[in-house]
**Student:** 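Supplied in structure tokens, the structure appears directly below.
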Amino acid sequence: MTTIDHARELESPLLSPAEKDLARAAQRCIMAALDHSRAASILLTTDTGEHPRVEVPPAALRVIGQLLGAMSQGQSIVLMPIERELTTVEAAHFLNVSRPFVIKEMEAGHLPYRKVGTHRRVTLKHLLDYEQQMREQQQLALDRLADNARELGLDY
């Protein structure tokens with residue numbers, strides 16, 4: 001099973017409206033606590049105090065807050081280490097392009113990779129950087145097309 005398939009397998013079911021409200025409220029509480037606290041960490045306990053206190057660093061709470069915010073908006077979440085290496089098939093699925101295109105971009109030097117035996121591997125960080133560059137280039141091309149259309153009086 002590939003990393004991407006495994007990530008799809010872990011997708012959580014849609015939240016009910018009440019659960020979305022609960023996630024939104026929890027996000028607001030966490031972010032407010034982080035905004036008003038100069039402490040190195042925030043302690044979490046249950047209402048009854050039956051469980052031991054858990055110390056959570058602010059950086060982790062920010063991630064949890066962002067996660068809760070995305071969940072409250074009904075977005076799917078995938079957490080993956082930025083240095084995780086993906087195969088060319090996984091990279092192609094991620095970018096929604098063909099595997100030969102990914103290999104061509106790697107060989108042309110547009111997408112950094114390393115070889116493990118005869119197999120190419122690309123880190124998630126490099127893949128995200130490449131995707132961002134692709135999106136920027138696409139936006140520039142669309143802007144040029146729109147400018148050309150305006151100059152020719154072809155307002156759509």
Side-chain angles (χ1 to χ4, degrees), residues 1-17 19-31 33-35 37 40-42 44 54-152 154-156:
M1 178 179 302
T2 68
T3 302
I4 302 297
D5 292 334
H6 186 63
R8 286 193 183 106
E9 181 180 289
L10 296 176
E11 283 183 17
S12 59
L14 295 176
L15 297 179
S16 69
E19 290 172 325
K20 285 181 181 180
D21 290 341
L22 184 60
R24 194 172 299 114
Q27 178 200 23
R28 279 194 292 262
C29 289
I30 288 172
M31 296 315 243
L34 286 169
D35 287 344
S37 174
S41 63
I42 295 175
L44 302 175
V54 178
E55 207 169 315
V56 181
L61 283 173
R62 276 189 207 90
V63 171
I64 292 169
Q66 292 169 350
L67 173 72
L68 289 168
M71 288 175 66
S72 71
Q73 295 172 7
Q75 296 175 1
S76 295
I77 309 298
V78 176
L79 294 176
M80 190 180 300
I82 197 78
E83 294 303 322
R84 173 73 186 252
E85 288 188 330
L86 303 175
T87 66
T88 53
V89 171
E90 292 168 335
H93 286 155
F94 181 85
L95 295 171
N96 199 26
V97 297
S98 69
R99 181 179 166 273
F101 177 81
V102 169
I103 292 171
K104 184 182 92 175
E105 291 295 285
M106 289 175 162
E107 297 296 329
H110 301 142
L111 181 58
Y113 70 98
R114 76 179 186 104
K115 279 207 163 181
V116 178
T118 59
H119 303 281
R120 295 170 188 86
R121 298 288 186 264
V122 59
T123 63
L124 180 59
K125 179 184 182 338
H126 288 134
L127 199 58
L128 291 170
D129 291 344
Y130 176 81
E131 180 187 36
Q132 180 64 32
Q133 289 171 354
M134 275 182 47
R135 300 285 176 242
E136 289 170 2
Q137 289 173 357
Q138 289 170 347
Q139 189 59 50
L140 287 172
L142 287 171
D143 291 344
R144 282 194 306 269
L145 282 172
D147 290 343
N148 289 342
R150 273 191 295 276
E151 287 175 10
L152 295 171
L154 301 172
D155 293 330
Y156 293 103

**Student:** L128: which residues meet the side-chain contact (heavy atoms from CB on, under 4.5 Å) condition with it, sequence neighbours left out?
**Tutor:**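 Partners of L128 under the side-chain contact (heavy atoms from CB on, under 4.5 Å) test: I82, F94, L124, E131.
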**Student:** Apply side chain to side chain donor-acceptor pair (under 3.5 Å) to Q73 and list each qualifying residue two or more places apart in sequence or on a separate chain.
**Tutor:**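 Only Q75 meet the side chain to side chain donor-acceptor pair (under 3.5 Å) criterion with Q73.
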**Student:** Kindly write out the residues that satisfy side-chain contact (heavy atoms from CB on, under 4.5 Å) with A26, not counting sequence neighbours, or none if the list is empty.
**Tutor:**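 For A26 the side-chain contact (heavy atoms from CB on, under 4.5 Å) partners, ignoring immediate neighbours, are L68.
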**Student:** Out of curiosity, R150 CZ to L145 CG, how far, rounded to the nearest 0.5 Å?
**Tutor:**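 Output value for this atom pair is 10.5 Å.
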**Student:** Determine whether the side chains of Q139 and D143 contain a donor N or O and an acceptor N or O closer than 3.5 Å.
**Tutor:**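 Yes, side-chain donor-acceptor contact under 3.5 Å.
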**Student:** Nearest 0.5 angstrom please: Q133 CD to E136 CD, how far?
**Tutor:**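 It is 7.0 Å, given to the nearest 0.5 Å.
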**Student:** Charged N to carboxylate O below 4.0 Å: is that the case for R144 and D147?
**Tutor:**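 No, no charged N to carboxylate O under 4.0 Å.
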**Student:** As an exercise, state the distance from CG of L22 to CE of M71, rounded to the nearest 0.5 Å.
**Tutor:**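 These two atoms lie 9.5 Å from each other.
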**Student:** If you measure from OG1 on T87 to CZ on R121, what distance do you get to the nearest 0.5 Å?
**Tutor:**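 Rounded to the nearest 0.5 Å, the OG1-CZ separation comes out at 6.0 Å.
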**Student:** Kindly write out the residues that satisfy side chain to side chain donor-acceptor pair (under 3.5 Å) with K20, not counting sequence neighbours, or none if the list is empty.
**Tutor:**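 Side chain to side chain donor-acceptor pair (under 3.5 Å) check on K20 returns nothing, list empty.
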**Student:** Holding to side-chain contact (heavy atoms from CB on, under 4.5 Å), I want the full list of residues that pass it with R99, two or more places apart in sequence or in another chain.
**Tutor:**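 Once residues adjacent in sequence are excluded, the partners of R99 under the side-chain contact (heavy atoms from CB on, under 4.5 Å) criterion are T88, V89, A92, I103.
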**Student:** Kindly list each side-chain donor-acceptor pair under 3.5 angstrom involving residues 109-116, sequence neighbours excluded, with atom names and distances?
**Tutor:**
| unit_1 | atom_1 | unit_2 | atom_2 | d |
| --- | --- | --- | --- | --- |
| H110 | ND1 | E105 | OE1 | 3.2 |
| Y113 | OH | E107 | OE2 | 3.3 |
| R114 | NE | E85 | OE1 | 3.3 |
| R114 | NE | E85 | OE2 | 2.5 |
| R114 | NH2 | E85 | OE1 | 3.0 |

**Student:** If every non-hydrogen atom of E19 is compared with every non-hydrogen atom of L15, which pair is closest and at what distance?
**Tutor:**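 Residues E19 and L15, closest heavy atoms: OE1-CA, 3.5 Å.
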**Student:** Would you call V122 and Y130 a side-chain contact if the rule is heavy atoms closer than 4.5 Å?
**Tutor:**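 With C-beta onward as the side chain, the pair stays apart.
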**Student:** Please check if atom CG in N96 has more than 12 non-hydrogen atoms from other residues, nucleotides or ligands closer than 6.0 Å.
**Tutor:**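 Count not over threshold, so no.
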**Student:** Under a 4.5 Å cut-off applied to non-hydrogen side-chain atoms, are D21 and R24 in contact?
**Tutor:**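 Heavy-atom side-chain distance check passes, below 4.5 Å.
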**Student:** Do we see a donor-acceptor contact under 3.5 Å between the side chains of Q138 and R135?
**Tutor:**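 Yes, a side-chain donor-acceptor pair sits under 3.5 Å.
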